[in-house]
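Below is one structure; the comments refer to it alone.
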2 protein chains.
Amino acid sequence: MADQHELRDKGLRLTPQRELVLAAVRALEHATPEEVAEKVKLTHPGINLSTVYRNLETLENVGLVQHSHLGHGGVRYHASTEEIHAHLNCESCGTIIEVPIDATASFTQSLLDGYGFHTDLAHLAIAGRCESCFNKP
Amino acid sequence: MADQHELRDKGLRLTPQRELVLAAVRALEHATPEEVAEKVKLTHPGINLSTVYRNLETLENVGLVQHSHLGHGGVRYHASTEEIHAHLNCESCGTIIEVPIDATASFTQSLLDGYGFHTDLAHLAIAGRCESCFNKP
DNA sequence: AAGTAAGTGCAAAGCCTTCGCAATTAGTGT
DNA sequence: ACACTAATTGCGAAGGCTTTGCACTTACTT
């Protein structure tokens with residue numbers, strides 16, 4: 001019921017595929033479209049990958065999910081309700097370190113002051129190297 | 001001559017294609033492989049796109065060029081001699097604002113202190129909205 | 001219960017990038 | 001200058017990932 005309203009209040013039809021895509025994004029955190037599809041297939045094996053893509057886009061349009069670009073590779077989706085955080089992406093080992101957005105406040109403030117830029121650190125990862133990779137050759 | 005030594009000192013053969021790719025990257029700043037190819041074609045129409053890709057990779061391996069991920073889209077190459085800067089990428093209008101790396105020092109230091117993370121702000125753009133887009137609906 | 005517009009599945013196409021392979025060519029030694 | 005060898009090139013094809021067109025299905029409206 002709650003779910004029904006959640007989607008329908010946004011003007012979306014309530015299809016099993018759509019519900020499952022939303023549920024999968026919420027359960028997985030930082031999931032690629034492919035991973036979302038895998039998850040959905042557990043309960044709805046027939047779902048098509050393009051349906052997943054379309055629903056991710058739709059759900060993003062109404063604000064229920066969002067995507068970020070974490071590594072070099074692909075897009076990842078997360079629920080809008082997740083706590084906002086920046087991602088530090090180690091270019092060597094691929095580890096993702098999550099940083100509470102509070103810890104970045106003074107930096108984003110300085111970009112606002114200096115450049116009038118309203119920063120959204122959640123959307124793109126920050127590249128670099130984690131401690132252990134940095135200490136390796 | 002200078003160019004010859006520059007490439008050959010790195011252990012690379014001096015082919016017209018390679019020289020032109022390097023020159024194009026230097027001239028264009030933040031160019032996509034496609035743009036580099038276009039530029040090279042002005043003086044060497046026969047060049048193949050895959051040759052451009054391979055040379056960009058090769059030139060990067062020896063440190064003459066580097067790539068960054070600026071927008072949603074593709075990779076962009078710049079000469080290693082360019083001053084290092086972070087990129088603020090407006091998600092609405094696509095504008096890129098360059099920020100001297102000095103201006104980010106205290107932020108990267110705090111990531112080092114707090115997470116042991118060695119940040120490379122030049123490699124991935126920082127997403128957000130520029131002043132004028134922010135003030136629009 | 002019927003109508004209609006949104007949503008789905010499927011297959012194909014589109015980008016961007018990489019790869020295999022045969023032909024070419026830069027740099028080396030003669 | 002000439003021949004040799006390995007690097008480099010062009011070409012075509014293939015590979016990911018994502019989008020699209022279209023006919024069929026289905027959720028919601030009345």
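Only this structure's heavy atoms are used, side chains among them; waters, hydrogens and symmetry mates stay out. Because the structure is predicted, anything quoted here is derived from the model rather than measured. Letters A, B, ... mirror the listed sequences (proteins, then strands); counts begin at 1.
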Salt bridge present between B:Glu82 and B:Arg76 (N-O < 4.0 angstrom): no
Nearest-Å distance for atom pair CD/P, residues A:Glu19 and D:dA27: 10 Å
Distance in angstrom units between A:Tyr77 OH and D:dC17 P, rounded: 14 Å
All side chain to side chain contact (heavy atoms under 4.5 Å, CB included) counterparts of B:Asn61, not counting sequence neighbours: B:Glu57
Rounded distance (Å) that lies between atom C1' of C:dA26 and atom CG of B:Asn55: 13 Å
B:Arg8 CZ - C:dA26 C1' separation (whole Å): 8 Å
All side chain to side chain contact (heavy atoms under 4.5 Å, CB included) counterparts of B:Thr119, not counting sequence neighbours: A:Ile126, B:Thr108, B:Leu111, B:Phe117, B:Leu121
Sugar-phosphate only, base, or nothing, as touched by A:Thr58 at under 4.0 Å among non-hydrogen atoms: nothing
Touch class at under 4.0 angstrom, heavy-atom based, for A:Arg18 against every strand present: sugar-phosphate
Donor-acceptor under 3.5 Å (A:Arg129 side chain, A:Ser92 main chain): no
Closest-nucleotide 5' rank along DNA chain D - winner of B:Ser50 and B:Gly11: B:Gly11
Sugar-phosphate only, base, or nothing, as touched by A:Gly74 at under 4.0 Å among non-hydrogen atoms: nothing
